[in-house]
Protein chains: 2
Amino acid sequence: MARNIDGTEISRVMRAEMAQQVAELQAAGVTPGLSVVLVGNNPASQAYVASKTRACETLGMKGQTLNLPEDVSKEELFAVIDRLNSDATVHGILVQLPLPAHLPYKAVLEHIHPDKDVDGFHPQNAGLAFVGDPRAFIPCTPAGILEMLRRENIPTRGKHVVIVGRSLIVSKPLASLLMAPGPDATVTITHRHTPDLAAFTRQADILIVAVGKQNLITADMVKPGVVVIDVGQNRVPDASSARGFKMVGDVDFDAVSQVAEAITPVPGGVGPMTITMLLANTLQAARARVTRSQPS
Amino acid sequence: MARNIDGTEISRVMRAEMAQQVAELQAAGVTPGLSVVLVGNNPASQAYVASKTRACETLGMKGQTLNLPEDVSKEELFAVIDRLNSDATVHGILVQLPLPAHLPYKAVLEHIHPDKDVDGFHPQNAGLAFVGDPRAFIPCTPAGILEMLRRENIPTRGKHVVIVGRSLIVSKPLASLLMAPGPDATVTITHRHTPDLAAFTRQADILIVAVGKQNLITADMVKPGVVVIDVGQNRVPDASSARGFKMVGDVDFDAVSQVAEAITPVPGGVGPMTITMLLANTLQAARARVTRSQPS
């Protein structure tokens, strides 16, 4: 029976460590600050943004939300970002996605100063991450997965990591990070055009699934002893829940747990790590600012 | 017996196409220009730079070499790059590597304006390429390999591409490009920490080898019908040659040719494509400049 990789518990430990680091920065006169820009009134986005800023405050960081109307113009949004870019008390900026269709999200993300791009979505950060530059902000979900593997003492060197999905914000950065010197994994990236998915997933020592499709991975598709990281977040009807739905991943959890060595549950696996890594990136941004402003 | 993929011939065809495009730009008043900065007197670098600028001129482009002394300071080198960055007649800039040890090559490459970075080594271009942005300059060797596959009508969708090596300028960009929508390949990246290399190379429909180790890939390591792209450039003693050496790739060419469907020879495979793609990138830079200066 697979061991559960408990993202909630790993997050709790990390956040306690970070609260200590925030206190040290504050003693040196710097309070790490995250500003979240939210356009419109999407309830899911509102809830997500609230949990991000609340998490900041729990750690002693400053969390601020700027709520702009649904019909804000590109120019107005850019002006808000300009102001945050030049505000020395703001170390991290993120614009909550998705944006309304009239706003060009790529240009918006590129407007955030790379030094404050704690989501790691600016092409300059993608490039720095790609070349292994330590200045890069790693997008939160891949960063969280690497941190989970490290803290669970799951080795990656010489292991075959199979990634299902090829998204720009999860799978591609993960592939790039895991194949690099240090993690040293052999990496295979599969996706909708992979003819025989099971032929690849069965080879995996570590299987990472980030597609968004319930029960995509069944027990016959993995080898005994595999470590499974399930990034899927799928909402399925559940009459027994007050909300009328529950969240499940991309992996048939109960069946695959019989075969795997370790597995992340959904919820409670990768999910909690994502906001934790956003906090870690904001802390990294604040520290980098302090370092830059030291006389050299 | 494998078909030879003739990089010299593909280059010839591409250069003829590009000469036509250069003529059209010239008729519109723009001569694409490439400036190569060469520091010191390394004979191999001198020869390589000369062949780059000569190739430019053959196409009707302007090729210029700036030769700086071995002991040039970082500040002097940056000043030269600044001047090229702001010179409207210069569309592409490349600094020939390797640089002397006292010059910080990463900072030097980042000093080139990304719009003129025709080698594609600036982190911003790496990032744009990573996210599939068409503004990106793709590094010349991976770009050349993709172009060869396209022009040889070798499909990649649904195919398993196995890459041996994980270099930042060849393997990683190739992996990123080949897994993306369009090429749609399933991609595996192997390297020195892959315990059983042959277990992976035998799965390859397309095998790309970029390590720099003679005879790394032998006939028993590939499956019948594989397409082999050999990026290796190894100098081996050859008494029958006037130079005393010959170039060979990473693949045991004679033996693997008995098994493969198609293979790139060394020399005459990937090598000739690299300078051709540098010319293509310079042309792309000149075109982008023309487009940007149009009233919108």
Side-chain angles (χ1 to χ4, degrees), chain A residues 106-107 109-110 114 117 120-133 135-136 139 155-169 171-173 175-197 199-201 203-205, chain B residues 106-107 109-110 114 117 120-133 135-136 139 155-169 171-173 175-197 199-201 203-205:
Chain A
K106 273 193 191 180
L109 296 180
E110 287 181 31
D117 168 43
F121 292 165
H122 192 291
Q124 182 165 320
N125 272 312
L128 290 172
F130 185 78
V131 302
D133 191 299
R135 290 171 295 173
T156 52
R157 175 169 294 164
K159 301 297 180 185
H160 188 194
V161 177
V162 177
I163 300 174
V164 185
R166 56 175 170 179
S167 72
L168 291 179
I169 59 172
S171 297
K172 283 187 80 170
S176 172
L177 292 162
L178 284 165
M179 77 177 73
D184 288 322
T186 302
V187 178
T188 298
I189 303 93
T190 64
H191 46 75
R192 70 180 73 239
H193 292 289
T194 300
D196 182 1
L197 181 60
F200 291 96
T201 57
Q203 294 182 41
D205 301 310
Chain B
K106 273 193 188 178
L109 296 179
E110 287 181 30
D117 168 43
F121 292 165
H122 192 290
Q124 181 164 321
N125 273 312
L128 290 172
F130 185 79
V131 302
D133 191 301
R135 290 170 296 173
T156 52
R157 175 169 295 165
K159 301 298 182 187
H160 188 194
V161 177
V162 176
I163 301 174
V164 186
R166 56 177 170 177
S167 70
L168 292 179
I169 59 172
S171 297
K172 283 189 79 169
S176 173
L177 292 161
L178 284 164
M179 77 176 75
D184 287 322
T186 301
V187 178
T188 298
I189 304 94
T190 64
H191 47 76
R192 71 180 72 240
H193 292 289
T194 301
D196 182 2
L197 181 60
F200 291 97
T201 58
Q203 295 182 39
D205 300 310

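Residue numbers begin at 1 in each chain, while the letters A, B, ... track the order of the sequences. The structure displayed is predicted, hence computed values, not measured ones.
Here the shortest heavy-atom pairing between B:Gln124 and A:Gln124 reads OE1-OE1, 4.2 Å. When all heavy atoms are compared, the tightest approach of A:Pro173 to B:Phe130 is N-CZ, 3.5 Å. Nearest heavy atom pair, residue B:Lys172 against residue A:Ser176, reads NZ-OG, 2.8 Å. In terms of heavy-atom proximity, A:Thr186 sits nearest to B:His191 at N-NE2, 4.0 Å. Among all heavy-atom pairs drawn from A:Gly158 and B:Pro195, the shortest one is O-CG, 3.2 Å. Here the shortest heavy-atom pairing between B:Asp133 and A:Glu110 reads OD2-OE2, 4.5 Å.
Residue contact with chain B, scored on non-hydrogen atoms closer than 4.5 Å, involves the backbone of A:Ala185 exclusively. Neither the backbone nor the side chain of A:Pro114 comes within contact range of chain B, judged by heavy atoms closer than 4.5 Å. Neither the backbone nor the side chain of A:His122 has a heavy atom closer than 4.5 Å to any heavy atom of chain B.
Between chain A and the options B:Thr190, B:Asp196, B:Val187, heavy-atom pairs under 4.5 Å are most frequent for B:Val187. Note: A:Pro181 leads A:Pro181, A:Gly132, A:Ala180 in heavy-atom pairs under 4.5 Å with chain B. With chain A as the partner, the residue from B:Leu168, B:Ile189, B:Ile163, B:Val161 showing the most heavy-atom pairs under 4.5 Å is B:Ile189.
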- Evaluation steps, side chain to side chain contact (heavy atoms under 4.5 Å, CB included), between B:Met179 and A:Thr188: CA-CA 10 Å; B:Met179 77 176 75; A:Thr188 298; over 6 Å; no
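Taking NZ of B:Lys106 as the reference point, atom CG of A:Leu128 lies at 8.5 Å (rounded to 0.5 Å).
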